[in-house]
Enquirer: 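My questions will all concern the structure given below.
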Amino acid sequence: MATSSRSITVEHDRVQTSAKHHYGSPTERAIDDRIIAEVKSEIAEDGISNRYPVAVDCDHGTVLLSGVVESARDARRAARDAAEVRGVVAVRNRLTWR
């Protein structure tokens, strides 16, 4: 069982993720790690995470997006970006906006 805990602070906003994952092999964990990196990259390229922190987690291909973005449109774009990454089977979008 792997536990990850990440914290991001930007402009007085804080996003904390903590999840327990049950991997059958190092390969399963590596796949999720690749998905997280690619989703973060896509969100950054779209400029969605420029002003506010966006946390990305993945468990067996299911991506969880949490944190704050500028608008509802950005939240939808982030979910779309995540869904288009190879290996993603579902996206749980818990982003809020200002």
Side-chain angles (χ1 to χ4, degrees):
M1 174 175 55
T3 300
S4 69
S5 181
R6 297 181 184 105
S7 179
I8 304 169
T9 302
V10 176
E11 293 183 17
H12 308 295
D13 289 314
R14 186 172 177 83
V15 175
Q16 178 84 27
T17 63
S18 180
K20 293 182 181 180
H21 302 288
H22 303 280
Y23 294 108
S25 71
T27 302
E28 287 178 355
R29 181 182 177 111
I31 291 169
D32 278 353
D33 287 345
R34 178 197 51 81
I35 289 172
I36 290 169
E38 289 184 24
V39 169
K40 285 181 177 182
S41 177
E42 291 296 320
I43 290 172
E45 282 181 26
D46 260 354
I48 296 168
S49 59
N50 287 349
R51 292 192 56 209
Y52 300 102
V54 174
V56 179
D57 193 21
C58 185
D59 187 15
H60 294 87
T62 298
V63 171
L64 171 64
L65 301 174
S66 58
V68 178
V69 293
E70 196 165 341
S71 66
R73 180 177 178 263
D74 284 345
R76 287 189 302 272
R77 283 179 35 217
R80 184 194 67 228
D81 287 347
E84 292 175 353
V85 169
R86 184 176 48 93
V88 172
V89 297
V91 177
R92 293 177 31 214
N93 189 350
R94 293 198 178 148
L95 292 170
T96 60
W97 50 90
R98 296 198 179 228

Enquirer: List the residues meeting side-chain contact (heavy atoms from CB on, under 4.5 Å) with I31, not counting sequence neighbours, and say none if there are none.
Expert: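 I31 satisfies side-chain contact (heavy atoms from CB on, under 4.5 Å) with T27, R34, I35 once adjacent residues are dropped.
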Enquirer: Rounded to the nearest 0.5 Å, what's the gap from CZ on R76 to CG on L95? Could you check?
Expert: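 Here the rounded value is 12.0 Å.
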Enquirer: Mind running side chain to side chain contact (heavy atoms under 4.5 Å, CB included) on V88 and E38 for me, showing each step along the way?
Expert: CA-CA 10 Å; V88 172; E38 289 184 24; over 6 Å; no
Enquirer: What are the two closest non-hydrogen atoms of S49 and A44, and how far apart are they?
Expert: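 Of all heavy-atom pairs spanning S49 and A44, the closest is OG-CA, 3.7 Å.
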Enquirer: Go through it in stages, so that I can follow the logic: the residues are V39 and D81, the test is side chain to side chain contact (heavy atoms under 4.5 Å, CB included), and I'd like the CA-CA distance, side-chain angles, deciding distance and then a yes or no.
Expert: CA-CA 7 Å; V39 169; D81 287 347; over 6 Å; no
Enquirer: Which heavy atom of A78 sits nearest a heavy atom of I48, and at what distance?
Expert: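 Taking A78 first and I48 second, the nearest heavy atoms are N-CD1, 3.6 Å.
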Enquirer: Scan side-chain atoms only and decide if D74 and Y52 contain a donor-acceptor pair under the 3.5 Å cut-off.
Expert: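 Per modelled atom types, D74 and Y52 side chains form no pair under 3.5 Å.
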Enquirer: For C58, which of L64, V85, D32 qualifies under side chain to side chain contact (heavy atoms under 4.5 Å, CB included)?
Expert: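 Exactly one pass, corresponding to D32.
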Enquirer: For the pair H60 (side chain) and E28 (backbone), establish whether a donor and an acceptor sit closer than 3.5 Å, ignoring hydrogens and angles.
Expert: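 Side chain of H60 to backbone of E28, a donor-acceptor pair under 3.5 Å: no, none is there.
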Enquirer: Going from CG on D33 to NE2 on H21, what distance comes out if it is rounded to the nearest 0.5 angstrom?
Expert: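 NE2 of H21 is found 9.0 Å from CG of D33.
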Enquirer: My understanding is that only residues two or more places apart in sequence, or in another chain, count here; which of them pass side-chain contact (heavy atoms from CB on, under 4.5 Å) with E84?
Expert: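 By the side-chain contact (heavy atoms from CB on, under 4.5 Å) rule, E84 matches R80.
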Enquirer: Work out which heavy atom in N93 is nearest to a heavy atom in A79; give both atom names and the distance.
Expert: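 Minimum heavy-atom separation between N93 and A79: ND2-CB, 3.4 Å.
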Enquirer: Please answer: with hydrophobic residues joined when any side-chain heavy atoms are less than 4.5 Å apart, are V89 and L65 in the same cluster?
Expert: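 In one cluster: no.
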Enquirer: When you measure from the side chain of R51 to the backbone of E70, do you find a donor-acceptor pair of N or O atoms at a distance under 3.5 Å?
Expert: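 Looks like no, no N/O pair under 3.5 Å.
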